[in-house]
Amino acid sequence: MSEETIRLELDEAGLAPGLPMPTDPRDQVQDVPYRPVEFRDDDLPAALERCAGWLKQAQQWLGEPVDVLAVHLDYDERDGFPYYDLKILCNEEDLAGVPLALRQRGETVPS
């Protein structure tokens, strides 16, 4: 079996340029292994809806389900901050577009 290097186009945060980003300014993709994608709001249903919407967009872009390891819900009682902090921990290779790059090269994506 030969090993080949896959060249990925990534932005300064290590994400694929085509990856849909959360649209609300309070939400973000963080930068640790199994990268948390964060959705913050005073209204939990609104944060959950934005999370679900982003996840659908990201899966459509990737062409397969995003590998989500965990869902974490916390709260922030400090004044001036959204109360709910919802994070989904995602596989960094998915957010970098590795499965997409492999398909574009005609390779089978390992499961």
Side-chain angles (χ1 to χ4, degrees):
M1 177 196 300
S2 68
E3 290 188 26
E4 292 184 39
T5 302
I6 298 174
R7 298 190 62 85
L8 299 173
E9 181 181 338
L10 303 175
D11 66 14
E12 63 278 352
L15 302 171
L19 174 71
M21 298 304 290
T23 57
D24 192 285
R26 295 169 289 188
D27 306 336
Q28 64 179 321
V29 177
Q30 296 180 338
D31 62 350
V32 294
Y34 273 94
R35 299 177 78 147
V37 180
E38 180 178 46
F39 302 87
R40 301 182 66 184
D41 206 303
D42 287 326
D43 180 36
L44 181 57
L48 289 166
E49 287 173 2
R50 289 197 318 273
C51 177
W54 175 83
L55 194 54
K56 287 177 186 177
Q57 289 179 333
Q59 289 182 164
Q60 183 177 28
W61 167 76
L62 191 60
E64 65 182 55
V66 174
D67 185 9
V68 175
L69 174 71
V71 176
H72 178 80
L73 179 61
D74 204 351
Y75 60 91
D76 190 341
E77 294 179 320
R78 296 177 293 168
D79 286 337
F81 290 89
Y83 184 75
Y84 293 104
D85 186 1
L86 171 66
K87 294 180 184 177
I88 56 174
L89 280 65
C90 299
N91 182 314
E92 61 188 8
E93 290 181 354
D94 285 354
L95 299 188
V98 172
L100 186 59
L102 288 174
R103 276 195 306 280
Q104 289 172 347
R105 285 182 47 175
E107 296 181 25
T108 304
V109 179
S111 28

Are V66 and V71 grouped together when hydrophobic residues (ILVMFWY) are joined by side-chain heavy atoms under 4.5 angstrom apart? yes

Could you pull out the closest heavy-atom pair between C90 and V37, with the gap in Å? SG-CG2, 3.9 Å

Taking the side chain as every heavy atom from C-beta outward, state whether N91 and V98 have any atom pair closer than 4.5 Å. no

Output for pair (L44 CG, C51 SG), nearest 0.5 Å, gives 10.5 Å

Pairs meeting criterion side-chain hydrogen bond (donor to acceptor under 3.5 Å, both in side chains) with involvement of residues 44-56, two or more places apart: D27-R50, D41-R50

Before giving the answer on side-chain contact (heavy atoms from CB on, under 4.5 Å), spell out for V68 and I88 the whole-Å C-alpha distance, their side-chain angles and the decisive distance to 0.1 Å. CA-CA 7 Å; V68 175; I88 56 174; 4.1 Å; yes

Measuring from atom CZ of F39 to atom CG of L73, what distance do you get when rounded to the nearest 0.5 angstrom? 13.0 Å

Nearest-0.5 Å distance, CG of residue L89 to CZ of residue R35: 11.5 Å

Evaluate side-chain contact (heavy atoms from CB on, under 4.5 Å) for E77 paired with Y83, printing each intermediate quantity in order. CA-CA 6 Å; E77 294 179 320; Y83 184 75; 3.9 Å; yes

Report yes or no: does E38 contribute a side-chain atom to a donor-acceptor pair with the main-chain N or O of K87 at less than 3.5 Å? no

Side-chain donor-acceptor pairs under 3.5 Å in residues 8-22, sequence neighbours left out?
from, atom 1, to, atom 2, distance (Å)
D11, OD1, A13, N, 2.9
D11, OD1, G14, N, 3.1
D11, OD1, L15, N, 3.0

To the nearest 0.5 Å, what is the distance between CG (L62) and CD (E93)? 11.0 Å

Are L48 and Y84 side-chain neighbours, meaning at least one heavy-atom pair lies under 4.5 Å? no

Can you tell me if D94 uses its side chain to pair, donor with acceptor, with the backbone of D67 under 3.5 Å? yes

